[in-house]
Structures are given as structure tokens and as C-alpha cells.
Amino acid sequence: MRNHWGSRFGFILAAVGSAVGLGNIWKFPFITGMNGGGAFVLVYLIAILCCGLPILMAEFLIGRHSQKDVVGSFRELTPQSKFWKSIGWLNLAAAFIILSYYGVVAGWTLDYLFKSVAGSFAGNEPEAIAGMFGALVTDPVRQLICLTGFMGLCLVVVISGIKEGIERWNRILMPTLFAIIFFMAIYAMTTSGAMEGLRFMLYPDFSKLTVNGVLEAIGHSFFTLSLAMGAMITYASYMDKKEAIYPVAIRIAFLDTLVAIVAGLAIFPIVFSVGMEPGGGPGLIFKTLPQIFATIPLGGVLSTLFFLLLAFAALSSAISLLEVLTAFMIDEKKYNRKKATIFMTIAVYLAGIPSALSYSTFGNVKLLKGMEILDSLDYVASNFMLPIGGLLIAIYTGFILDKKISKAEITEDGSGYLTIFNIWFFTIRFIAPVLVFLVFLTKIGVIKL
Ligand code: PFF
């Protein structure tokens, strides 16, 4: 008997845990601010509805129907086709690559958590605090310690299984994450930057919204829902047949979006309250915010809470990818869970070492477009593997998979959701693939904006 989630709530928490990650906490707020605030939020909601949600439902139906790992799922559903089986392998490869470098970035959040607890920011000059980031990434030993620590945590969670490990941990991680982020947003509203922060995030300035912004919204809509990396297929394979797909999927999309918006409302007022500019990229989190935490009242507490929030978000996302790899070893290679988890953690850990040493020992190694190892891997995964994977999943469920199967899954064997199925079927055939394809063409430079 395949393991299952203990409850529907447990499954939702785990899937939200996978979806809510660094993408929500710093990427979404920032691209929103840059692309016209509320105008972008609106476009993003449409992107979630037209692209993210339909592909999420497609992954859920694939996983729940097959009750297999990501590679086994496609084999089970279309045994006659070698080509479509390869989507499973592509998803598996994406999970492996993404986890290998995400573990490094997640390790940085652990390092900053310890710095916060130790009070390392307080009383330091801004330049000294900004310099701590450079010092961390160029120190090979500390990089390896951080990576080891983080992958060790992932191992501890996944080795204990679905209900006892992943679900149990997410029951702690997710409510804490929600509590911290709402607390920080409320605190942020009491600062002098509240109005400016709200305006930056929510005022709909359509003049700032470009075609590029729209494509960015579409691309982000499926990165943020952890699509095309096997996570949602694998998690859904532990779903009970009696749990309906649509209501669960819509809740996950809603909660993921909520966290992203609240994260912006927590971060920007604090940044504006001290008159700073919200820079993009890792600098916002690892340089600007620590500088601010060093000066504001309760800064030490806020800093600890903030990096705890990031570490929790990173951990709950990373374990979903480790589970993709572990489930593959269990289902396909017949390993037991203990052996499968240890094997895959070590494999990902070894693959992560070059990324961890990207800015130190291997600083001179430039792979793509002059980028370091970690950045190159991120570039390949986000710009190629995920859009191609998403596109193929949409085409697969829209045109290749027997319609009887998808209809039975989404309408829960004809017991309801027929209109939802019809809308979903149209979107997954004609809207989502076109949108994802456009994003892909832009990212690889075929369409120039
Ligand atoms: N949904 C995640 C995010 O928005 O950050 C994407 C993700 C990244 C999931 C890395 C899992 C992971 F290991």
C-alpha cells in the first residue's frame, strides 16, 4: 500500500510549503514594485488563473491517478509512448539541478539566521554589514558547512516519510511562517514607510506595466507554484482518491499568492521607513535588510524572525524536491525509504558542491554568458527546463492523455465540477501552452522586446 497524507489539511500545508519559497518572499514583491504595483498584481492573478492553476491541476491529476513517482506517472498513463515518458525524466532532472543550487542559497539563510541570533548586525556600519555577504559567499569552508547543515535538515525530514516526516514538519513550519509574515506586515504598517510601501506594492500604475512585465508574471506564476519540477506530481501521488483536486488546487494558489503579497507589505515599508531604495536580487535580503535591522528598534528580533521565515520557506520547498528524487528511487529502483533518502541526499549534496564554491574556489569558472556555476544552473533550469516542462505538461494533458482519464479525475468520477473541467480543458489546450511558449521564446531571445 502506498503511503498517503494523514489529512487533506496536511496535504494542503505540504503543497503550500513547496510553493511558498524564496520566489514569494523576495522575487514577487520586487518584480511587483518594478512593474507597476497593483497593475502587475492584477496581471499576475490572471497569469495564475490562466497558466499556473491549470498546470497545477494537470500535475495533480497525473500524480493522483498514477499513484507513482514522476517518471513512473508518465509511463503508467501512456505506456505506449517513449517520447511522453521523457517529460518525467525532464522533471526529475529539473528537481535534481534546482535542489543542488537551492541548497546553497538556503544555506545562506541559515548563516544569516545564526548571525541574527548572535546579534552580529547590531552596532555595525552599513558597509561592514553589506560586506558580510561577500565574505560569506567567498569562504569555501563556510559555504560547505551551510550546505551540509541545510541538506542534513532535508534528510532528517524526508527520511521519516510522508505522514511522519514531511506532513508533520510542514504542520510546524507553515503556521509559524504565516504567523511571522503577518506579524512583520503589521509591524511594517506602524512604520513611517507604510504609505510608501503600500503604494509601491499596490497602487496600479499601468504606465509602468510593459509586455515584458506581463511575460514575467506568466513565467513567475509557474515557478512560484513549483510546477514542472515533479514536486506537485509526487505530492499528489500520496493524495487519497476521495480528496477533490480543484478545491485543493485553488486553495494552494490562493495561499501562495497571499504570502507573496503580504511579504511585499512586510518588506517595503521597512525599507522606505529608513529612506532606502529597494534594490533587486539577493542584495535586498542579504545586504539592505540586515543594514536596516541593525538600526531600527526591535531590529534584532525582527532580523531573527525574518531569517527564520526565509529558512522555513526554503526548507519546506527543498524537501518537496528531495521527495521527488526519493520517491523515484523507491518506486523505480525499489530502494527502501531510508536508503533512497540517504542516497539522493548524498548525490544532491555532491552535485551542490561546485555551486557552493561558485564564488570562491571555482570563482574563475564561468559557464554561460560569463556567469558563475550557481547562476548558470539557475539560468538553465528557470529559462529552459521549467518553461519546456510546463509547456509539455499542458500539451500532454490537453491533447495526448485520454480525455476520459482527465475528466474522471477533475470531475471526481462525474460527481461535480463539470463546468470547471470544461474551462480547465479549454485553458490547458489553448491558453496555457501559448502563454508559456511566448515566455520561452522571449527568454531565449527569439522574441525581442
Ligand atoms: N515555489 C518555489 C518558490 O517560489 O520559491 C520554487 C522552488 C524552488 C521550489 C526550489 C522548490 C525548490 F526546491
Side-chain angles (χ1 to χ4, degrees), residues 13-32 44 47-48 51-53 55-56 59 70 91-109 147 150-151 153-155 157-158 166 169-170 173-174 177 181 216-235 249 252-264 281-282 285 309-327 344-345 348-349 351-352 355 374 377-383 385-387 389-390:
L13 281 186
V16 170
S18 173
V20 171
L22 299 180
N24 302 60
I25 297 174
W26 65 266
K27 184 146 189 229
F28 177 82
F30 186 75
I31 51 178
T32 301
Y44 175 78
I48 288 278
C51 214
L53 183 62
I55 301 181
L56 179 63
E59 293 207 3
V70 65
N91 279 227
L92 188 78
F96 188 86
I97 293 175
I98 294 176
L99 186 55
S100 76
Y101 69 80
Y102 198 78
V104 175
V105 179
W108 301 345
T109 67
L147 178 64
F150 185 76
M151 289 311 299
L153 282 176
C154 294
L155 173 76
V157 178
V158 174
I166 298 177
W169 276 73
N170 272 303
L173 297 179
M174 285 297 108
L177 183 147
I181 204 158
E216 181 121 35
I218 299 168
H220 190 64
S221 79
F222 71 90
F223 178 79
T224 190
L225 291 176
S226 303
L227 301 174
M229 35 182 120
M232 293 303 181
I233 295 182
T234 307
Y235 271 10
I252 292 164
F254 171 77
L255 289 171
D256 183 70
T257 308
L258 182 71
V259 170
I261 292 176
V262 176
I285 284 190
L309 168 77
L310 277 184
F312 277 15
L315 180 62
S316 59
S317 292
I319 54 181
S320 71
L321 293 191
L322 185 57
E323 178 59 27
V324 171
L325 305 171
T326 301
M344 274 304 180
T345 308
V348 171
Y349 176 75
S355 290
L374 191 154
L377 291 176
D378 182 36
Y379 182 83
V380 172
S382 314
N383 294 330
M385 302 182 85
L386 297 188

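First listed ligand is number 1; within each ligand, the first listed atom is number 1. Heavy-atom basis, side chains included; hydrogens, waters and symmetry copies ignored.
Closest protein heavy atom to atom 12 (C) of ligand 1: L321 CD1, 3.3 Å. The protein non-hydrogen atom at the shortest distance from atom 9 (C) of ligand 1 is S226 OG, 3.5 Å. Here the protein heavy atom with the shortest distance to atom 2 (C) of ligand 1 is A19 O, 3.5 Å. For atom 5 (O) of ligand 1, the closest non-hydrogen atom on the protein side is G23 N, 2.9 Å.
Only the backbone of L22 comes within contact range of ligand 1, with a heavy atom under 4.0 Å; no side-chain atom does. Heavy atoms of A231 found under 4.0 angstrom from ligand 1: none, in either backbone or side chain. The proximity of S317 to ligand 1, defined as any non-hydrogen pair under 4.0 Å, involves the side chain as well as the backbone. Proximity of V20 to ligand 1, defined as any heavy-atom pair under 4.0 Å, is not found for any part of the residue.
The two residues V262 and I181 come nearest to each other via the heavy atoms CG1-O, 3.8 Å. Residues S221 and G52 share a closest heavy-atom pair of OG-N, 3.8 Å. Residue V157 comes nearest to W169 through the heavy atom pair CG2-CD2, 3.5 Å, listed as atom of the first residue, atom of the second, then distance.
For the atom pair F28 CZ and N24 CG, the distance stands at 8.5 Å (nearest 0.5 Å).
Applying the side-chain hydrogen bond (donor to acceptor under 3.5 Å, both in side chains) test to every pair with at least one member in residues 91-101, sequence neighbours left out, gives these pairs: Y101-D378.
Not counting sequence neighbours, the partners of S320 by the side-chain hydrogen bond (donor to acceptor under 3.5 Å, both in side chains) test are S18.
With V20 as the fixed residue, the side-chain contact (heavy atoms from CB on, under 4.5 Å) test singles out one of D256, L173, L309: D256.
Listed for the S382 side chain is no donor-acceptor partner under 3.5 Å among the backbone atoms of Y379.
Within the listing of ligand 1, atoms 3 (C), 4 (O), 5 (O) sit less than 4.0 angstrom from a heavy atom of G21. Less than 4.0 angstrom separates some heavy atom of A318 from each of these atoms of ligand 1: 13 (F).
Comparing heavy-atom distances from atom 10 (C) of ligand 1 across F28, Y101, Y102 singles out Y102 as nearest.
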